[in-house]
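First up is the structure itself, then whatever we jot down about it.
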Amino acid sequence: MTEVRTRFAPSPTGRMHVGNLRTALYAYLIAKHAGGTFMLRIEDTDQERQVEGAVDIINRTLEMTGLEYDEGPDKDGGYGPYVQSERKASGIYMKYAKELVEKGEAYYCFCTKERLESLRTQAGDKEIVVYDKHCLSLSKEEIEENLAKGIPYVIRQNVPNEGTTKFVDEIYGEIEVPNAELDDMILIKSDGYPTYNFANVVDDHTMGITHVVRGNEYLSSAPKYNRLYEAFGWEVPVYIHCPLITDENHQKLSKRSGHSSFEDLIDQGFVREAVVNYVALLGWSPEDNREIFTLEELVKAFDYHHISKSPAVFDVQKLRWMNGEYLKAMDEEKFAEMARPWIEKAITKPLDLDRIAKMVKTRIEVFPDIPPMIDFFEELPEYDLSLFTNKKWKTDSEKSLTVLEGMVDSLENAKAFDNDSLYELVQAYAQEQGYKTGFVIWPLRIALSGKAVTPAGATEIMEVLGKEESVARIRKAIEMLKQS
RNA sequence: GGCUCCUUGGUCAAGUGGUUAAGACACCGCCCUUUCACGGCGGUAACAUGGGUUCAAAUCCCGUAGGAGUCACCA
């Protein structure tokens, strides 16, 4: 059996959205699962859409996600160059295009933009152009003459209007389309660059790609590819079209519609492993019911035959859950380090930030959840006295006042101000008074944090806050309660 | 509009002729708990639709409906 070779072939036009990322992931997994080669090829045939620094983004994203390629622009594996503009310079595309012209599978076209415009027709809510093969009838002499005159030209694929073309996709099975539907697509543009479609076929073949992994949006152009492979007499690779990833409105994810790129997600506080893990599960499922996978585990488990056909909605909710799982499983030091900048957004005082990180670790899903959760450490927020009323603990402002007044002195005089000692103190007081512990804890929490929900118990908050601040906050609560 | 693909709970999904139609997220309830969270237990909720084929259909066939993709000198 021949080695499996897959490729990720992005065009450098900006940030990488999750659909792209998943395509890259699947291509990587398919290659690695089979012990094959994963390649990066840069498709920069559109000179106008180039975006400065986009190649860096691609590299950075692949590096961050762990999708290490075996061959690429900076890693020659003998199939280079790996950048299409460099391959174009060698004349490879033109050479193959001319070969097709020789075979009658392609032809020169000198039509002007204006003439093409006149072919434009309305189709539903869209305008489309179907080329009318006008230049196919040009004689050899006319073509020579036009070329000699330097009239701009393109080379188009010649698809007959009769018959049908079939192709086989590993996921979708056999698909057959009428040739009349297949436009005579441009192979070589008037600037001499190949189009994506043509460069793809030439490169995939010359670079030994065995499995073409790409998005479902290309499904309808696959038959044209097949015709090209057949015209050249090349072996058709295995096609694996991945189902679309859509937003909650079932529209294809795209940069243009403002959908999140991988880097956006990282900026939003997701961890890279969680994003990769989540994206792997959009459109593919393992044989067992497992959901949490490292990249290595995905490599082992990934069988592309289990890729599904129907589009998948990108569900941020579930990504958040998964991210939370990753945070919980993360080791403490690493979490503290990653959480640090978010903690510092809310806290400038010299508190025990690692301790706070620990509190927050099992209670958040993404890092941005942190600041609003802990801001009370920095400064006691204004709060409503109604917070002192709690049904479960059967307490209210009046009872809270009693409790706080009953506790404040012993807290002030406490020798040890750590969590355990404080808890003992609270418990002792509760027992002595015949209260439930929660009945005492509740007012303390409110007084200390001004919040009904805190990332830790009252005694732990006191430890972090320190005696002075804690007592001050409790006294303040007593004042407020008295006044009301 | 033509062509192509898709259609199991709100979402991701298992399921390939016989199942009480898994599981996860979300939601709800209970338990645990120093609140919340975590964790544990439980619950609501699905085979788009109409015809076939078959003893038997979520699974096979046909139609219908709905959705999506695509129809550039963009990829």
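Quick note on labels: first sequence line is chain A, next is B, and so on, each numbered from 1.
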Taking OH from A:Tyr225 and P from B:C71, how many angstroms apart are they, rounded to a whole number?
11 Å
Using Watson-Crick geometry (N1-N3 plus N6-O4 or O6-N4) or G-U wobble (N1-O2, O6-N3), each under 3.5 Å, B:A45 is paired with none
Distance between P atoms of B:A75 and B:A13 (Å, rounded)
30 Å
Under 3.5 Å on both distances, the Watson-Crick or G-U partner of B:A21
none
The side chain of A:Leu219 lies closest to which of these nucleotides: B:G2, B:U4, B:A26?
B:U4
Sort out the partner of B:G66 for me: Watson-Crick or G-U wobble, both distances under 3.5 Å, none otherwise.
B:C6
In whole Å, measure the gap between the P atoms of B:C47 and B:U8 for me.
10 Å
So what does A:Asn419 touch, heavy atoms closer than 4.0 Å: a base, only the sugar-phosphate, or nothing?
base
Find the distance A:Ile441:CD1 to B:U33:C1' and express it as a whole number of Å.
11 Å
In whole Å, measure the gap between the C1' atoms of B:C61 and B:U19 for me.
24 Å
Is A:Arg214 salt-bridged to A:Asp204, going by a charged N under 4.0 Å from an acidic O?
no
How would you label the contact of A:Glu460 with the nucleic acid (heavy atoms, under 4.0 Å): base, sugar-phosphate, or nothing?
nothing
C1' gap between B:G9 and B:G43, integer Å:
14 Å
Between A:Arg320 and A:Asp369, does at least one N-O distance fall below 4.0 Å, as a salt bridge requires?
yes
Taking the P atom in each of B:A14 and B:U7, what is the distance between them to the nearest angstrom?
10 Å
Rounded off to whole Å, could you give me the CZ-to-P distance for the A:Arg120 and B:C71 pair?
12 Å
Check nucleotides 73-75 of chain B against the protein and report each pair of N or O atoms closer than 3.5 Å, with its distance, or say if there are none.
unit_1: B:C73; atom_1: O2; unit_2: A:Ser190; atom_2: N; d: 2.7
unit_1: B:C73; atom_1: O2; unit_2: A:Ser190; atom_2: OG; d: 2.7
unit_1: B:C73; atom_1: N3; unit_2: A:Ser190; atom_2: OG; d: 3.0
unit_1: B:C74; atom_1: OP2; unit_2: A:Lys189; atom_2: NZ; d: 2.8
unit_1: B:C74; atom_1: O3'; unit_2: A:Asp46; atom_2: OD2; d: 3.4
unit_1: B:C74; atom_1: O2'; unit_2: A:Asp46; atom_2: OD2; d: 3.1
unit_1: B:C74; atom_1: O2'; unit_2: A:Arg49; atom_2: NE; d: 3.2
unit_1: B:C74; atom_1: O2'; unit_2: A:Arg49; atom_2: NH2; d: 3.3
unit_1: B:A75; atom_1: OP1; unit_2: A:Thr45; atom_2: OG1; d: 2.8
unit_1: B:A75; atom_1: OP1; unit_2: A:Asp46; atom_2: N; d: 3.4
unit_1: B:A75; atom_1: OP1; unit_2: A:Lys189; atom_2: NZ; d: 2.7
unit_1: B:A75; atom_1: OP2; unit_2: A:Tyr196; atom_2: N; d: 3.2
unit_1: B:A75; atom_1: O2'; unit_2: A:Ser11; atom_2: OG; d: 3.2
unit_1: B:A75; atom_1: N3; unit_2: A:Tyr218; atom_2: OH; d: 3.2

Between B:G50 and B:C30, how far is it from one C1' atom to the other, in whole Å?
44 Å
Distance only, no hydrogens: is a donor on one side chain within 3.5 Å (strictly under) of an acceptor on the other, for A:Thr164 and A:Glu176?
yes
Protein-nucleotide distance (A:Asp288, atom CG; B:A24, atom P), rounded to Å
13 Å
All N/O pairs under 3.5 Å across the protein-nucleotides 37-48 of chain B interface:
unit_1: B:A37; atom_1: O2'; unit_2: A:Thr362; atom_2: O; d: 2.8

Applying the 3.5 Å cut-off to both distances, the Watson-Crick or G-U partner of B:A72 turns out to be none
Just say parallel, tilted or perpendicular for the rings of A:Phe439 and A:Tyr435, cut-offs at 30° and 60°.
tilted
C1' atoms of B:U33 and B:C38, separation to the nearest Å:
10 Å
Sidechain N-carboxylate O distance under 4.0 Å for A:Lys300, A:Glu297:
no
Nearest-Å distance, OH (A:Tyr239) to P (B:U4)?
18 Å
Of B:C3, B:C25, B:G1, the nucleotide closest to the side chain of A:Trp321 is B:C25
Between A:Ser220 and A:Asp125, name the one whose nearest nucleotide on RNA chain B is closer to the 5' end.
A:Asp125
Provide, to the nearest angstrom, the distance between the OH atom belonging to A:Tyr326 and the P atom belonging to B:C25.
15 Å
Give me, pair by pair, the N or O atoms of the protein and of nucleotides 58-66 of chain B that are less than 3.5 Å apart, along with how far apart they are.
none

Side-chain donor-acceptor pairs under 3.5 Å in residues 305-316 of chain A, sequence neighbours left out?
unit_1: A:His305; atom_1: ND1; unit_2: A:Asp303; atom_2: OD1; d: 2.8
unit_1: A:Ser308; atom_1: OG; unit_2: A:Gly283; atom_2: O; d: 3.4
unit_1: A:Asp315; atom_1: OD1; unit_2: A:Gln317; atom_2: N; d: 3.1

Ring centre gap for A:Phe302 and A:Tyr26 strictly below 6.0 Å:
yes
Six-ring centre of A:Phe8, A:Arg41 cation under 6.0 angstrom, axis tolerance 45°
no
Rounded to the nearest angstrom, tell me the gap between atom CD1 in A:Ile175 and atom P in B:C71.
16 Å
Using a 6.0 Å distance limit plus a 45 degree cone around the ring axis, check whether A:Lys451 lies over the aromatic ring of A:Phe376.
no
Measuring only the C1' atom in each nucleotide, how far is B:C71 from B:G51? A whole number of Å is fine.
34 Å
Could A:Arg445 and A:Glu460 be called an ion pair, given the rule that one side-chain N must be under 4.0 Å from one carboxylate O?
no
Whole Å only: how far is the CG atom of A:Leu182 from the P atom of B:A72?
12 Å
Determine, answering yes or no, if A:Tyr423 is stacked on B:U34 under the 5.5 Å centre rule and the 30° plane rule.
yes
Do we see a donor-acceptor contact under 3.5 Å between the side chains of A:Asn158 and A:Lys133?
yes
For the pair A:Gln50 (side chain) and A:Asp44 (backbone), establish whether a donor and an acceptor sit closer than 3.5 Å, ignoring hydrogens and angles.
yes
B:A58 pairs with, by Watson-Crick or G-U criteria that keep both distances under 3.5 Å
none
Contact string for nucleotides 7-16 of chain B, one letter per nucleotide 5' to 3', B = base within protein heavy-atom range under 4.0 Å, S = sugar-phosphate only, - = neither, reads S---SSSS--
Comparing nearest nucleotides in RNA chain B, the 5'-proximal residue of the pair A:Glu174, A:Thr437 is A:Glu174
Would the base of B:U33 count as contacting A:Lys392 through its side chain, where contact means a donor and an acceptor less than 3.5 Å apart?
yes
Distance to the ring centre below 6.0 angstrom and angle to the axis at most 45 degrees; does that hold for A:Arg290 and A:Phe293?
yes
OP1 or OP2 of B:A68 sitting under 4.0 Å from any side-chain N/O of A:Gln251?
yes
Atom CD of A:Glu162: over 12 foreign heavy atoms under 6.0 Å:
no
Counting Watson-Crick and G-U wobble pairs only, both distances under 3.5 Å, name the nucleotide matched with B:C30, or none.
B:G40
Can you tell me which residue pairs pass the salt bridge (Lys or Arg N to Asp or Glu O under 4.0 Å) test with a partner in residues 424-440 of chain A, sequence neighbours excluded?
none
Check whether the ring centres of A:Tyr107 and A:Tyr153 lie less than 6.0 Å apart, and answer yes or no.
no
Give me the one residue out of A:Lys358, A:Lys361, A:Lys328 that meets side chain to side chain contact (heavy atoms under 4.5 Å, CB included) with A:Phe335.
A:Lys361
Which part of the nucleic acid does A:Ala456 contact within heavy-atom distance under 4.0 Å: base, sugar-phosphate only, or nothing?
base
